[in-house]
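Beneath this line is the structure, given in structure tokens, with notes to follow.
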Amino acid sequence: MVRQFTGSAASVREKFEDVLVRVGEAALGAGRDPAAVEVLVATKYVDVDHLGVLAEAGVRLIGENRAQDLVAKQERYGEVFTYDFIGHLQSRKTKVVLPLVRLIHSVSSLSVVKEIEARADGPVDVLLEVNVGGEESKSGVPLEGVDAFLEQAAAYEKVVFGGLMCMPPLFDDPEAARPFFARTRALAERLSEDWRGRYTFARLSMGTSADYEAAVREGATIVRVGSVLF
Ligand SMILES: *Cc1c(COP(=O)(O)O)cnc(C)c1O
């Protein structure tokens, strides 16, 4: 169980604004538009009663890891937030998650692709999660399996891949994660070519509290931060 946050809006606001400043500086330093990077707050640390504190602190885009937490938070806060799903998704939970979220970051199994196809009314924007470090403990499609995965997933027309999500190995030095972010970006560029007319891999969901500035320097369009705020 993740330790739950019980702090104040003022403390979150200060840390959140610091993240926004750092993201902006990292983007500018890399010759990128800071407005092209969204800061998503991972809310697995925040129970439903405390989530209002995040709204007070100026947070609008949140990411949930568990379907039942997403349901509870969405019921309570509705349009206060935009909700993404960032956790491991079980295919049987797909129908619950689908109507509540803007974007699922963590599609990496054909069973989830099939569920989306069966449940959705129209096109659904998703990200393909890749296991960029090839770690056994991590979810995501291994890099060498991405092409075969997409060949199969392409049969399901409502599922529209709009980018990649990754979670590289954790290092003490955030710079050590940069090659993994660069590899993910290079893969997205190649896939955008290969799937031109069908998918654009324009979104890159990468970087956490440990390494979000490095991720922005390598092209992240969504960073997912949690512990740095709590
Ligand atoms: C918790 C979580 C994050 C945020 O990680 P922190 O180290 O708390 O910033 C990002 N992505 C996913 C998928 C997570 O589960």
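Keep in mind that the numbers below use all heavy atoms, side chains included, and drop hydrogens, waters and symmetry copies.
- Between H50 and Q4 the shortest side-chain heavy-atom distance does not fall below 4.5 Å.
- In terms of heavy atoms, F81 sits closest to L51 at CZ-O, 3.6 Å.
- Residues S205 and L127 are in side-chain contact: their nearest non-hydrogen atoms beyond the backbone lie under 4.5 Å apart.
- The pair K44-E64 fails the salt-bridge criterion, with no side-chain N (NZ, NE, NH1 or NH2) lying under 4.0 Å from an Asp/Glu carboxylate O.
- Environment of CZ in R32: crowded, with over 12 heavy atoms of neighbouring residues, nucleotides or ligands closer than 6.0 Å.
- When the salt bridge (charged side-chain N to carboxylate O under 4.0 Å, His left out) test is applied to D47, no partner is found at least two apart in sequence or on another chain.
- Look at R203 and D125 and you find a salt bridge, because one of the NZ, NE, NH1 or NH2 atoms lies within 4.0 Å of a carboxylate O, short of that distance.
- A donor and an acceptor atom, one from each side chain of H105 and D84, are located under 3.5 Å apart.
- More than 12 heavy atoms of other residues, nucleotides or ligands sit less than 6.0 Å from atom CG of L20.
- Cation-pi geometry between R178 and F181 is not satisfied (NZ or CZ under 6.0 Å from the ring centre, within 45° of the ring normal).
- With respect to R196 and E193, a salt bridge is recorded, a charged nitrogen being found less than 4.0 Å from a carboxylate O.
- Under the 4.0 Å criterion applied to side-chain N and carboxylate O atoms, K158 and D121 are not assigned as salt-bridge partners.
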Going through the distances and angles, do F230 and Y45 end up as a ring-ring contact (aromatic ring centres under 6.0 Å, His included)? CA-CA 8 Å; F230 309 123; Y45 309 97; 5.7 Å; yes
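- Within a 6.0 Å radius of CZ in R183, other residues, nucleotides and ligands contribute more than 12 heavy atoms.
- Under 4.0 Å is where a charged nitrogen must lie from a carboxylate oxygen, and between E175 and R217 at least one such pair does.
- A salt bridge between E38 and R102 is present, with a side-chain N of the basic residue lying under 4.0 Å from a carboxylate O of the acidic one.
- Between R190 and D147 a salt bridge is recorded (basic side-chain N to carboxylate O distance below 4.0 Å).
- With 3.5 Å as the limit, one finds no donor-acceptor pair spanning the side chains of T94 and R119.
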